[in-house]
Amino acid sequence: MVYLNYTNLDNETQERLVSVSKKDVEHEFGNDLNRYAKEHHIKYDTLLEEEALRNLYSYDYVFNI
């Protein structure tokens with residue numbers, strides 16, 4: 001679960017969430033993503049960014065008001 005303060009949803013917080021998501025995706029699927037990127041001639045960083053954003057939807061969020 002990700003705990004967020006409802007009044008603090010600025011760019012810095014959003015970038016932190018994407019960064020955490022990137023680490024999760026890279027840890028879990030890094031080798032597969034790298035192989036896929038090479039096979040399909042896609043930049044690994046671009047693919048990782050897209051998967052990290054997609055991964056954010058799988059998190060459970062708790063907002064403190």
Side-chain angles (χ1 to χ4, degrees):
M1 275 196 207
V2 178
Y3 293 91
L4 296 172
N5 185 346
Y6 185 72
T7 60
N8 189 18
L9 297 177
D10 57 0
N11 279 343
E12 183 178 326
T13 303
Q14 292 175 25
E15 289 175 14
R16 181 178 54 86
L17 288 172
V18 171
S19 176
V20 168
S21 181
K22 275 185 184 180
K23 289 177 186 174
D24 288 346
V25 169
E26 194 165 28
H27 176 72
E28 188 74 26
F29 306 109
N31 293 335
D32 294 333
L33 287 176
N34 197 9
R35 190 176 16 237
Y36 182 86
K38 286 180 181 178
E39 288 176 6
H40 293 82
H41 307 289
I42 302 171
K43 290 183 180 179
Y44 175 75
D45 292 334
T46 303
L47 185 60
L48 179 61
E49 180 82 22
E50 290 173 1
E51 290 300 320
L53 292 175
R54 195 172 294 130
N55 185 51
L56 285 173
Y57 291 104
S58 69
Y59 289 168
D60 290 328
Y61 297 95
V62 175
F63 292 96
N64 296 321
I65 300 177

Subject >> Any Val18 side-chain heavy atom under 4.5 Å of Glu15 side chain >> reply: no

Original post:
Taking all atoms of both residues into account, what is the closest heavy-atom pair of Tyr61 and Leu56, and its distance?
Top reply: OH-O, 3.0 Å

**OP:** Can you measure from CG (Leu17) to CG (Leu53) and round to the nearest 0.5 angstrom?
**Re:** 11.0 Å

Original post:
Between atom CG of Asp45 and atom NZ of Lys43, what is the distance when rounded to the nearest 0.5 Å?
Top reply: 8.5 Å

For residues 20-33, run the donor-acceptor check on the side chains, cut-off 3.5 Å, and write out each pair with its distance to 0.1 Å, sequence neighbours left out.
residue : atom : partner : partner atom : Å
Ser21   : OG   : Ala52   : O            : 2.6
Ser21   : OG   : Asn55   : ND2          : 3.0
Lys22   : NZ   : Glu49   : OE1          : 2.8
Asp24   : OD2  : Tyr59   : OH           : 2.5
Glu26   : OE2  : Tyr44   : OH           : 3.3
Asp32   : OD1  : Arg35   : NH2          : 2.6

**OP:** State the CG-CD distance between Asn34 and Glu39, to the nearest 0.5 angstrom.
**Re:** 10.5 Å

Subject >> Tyr36 OH to Glu51 CD distance, which is reported to the nearest 0.5 Å >> reply: 9.0 Å

**OP:** Mark yes when over 12 heavy atoms from residues, nucleotides or ligands other than Glu12 sit less than 6.0 Å from its CD; otherwise mark no.
**Re:** no

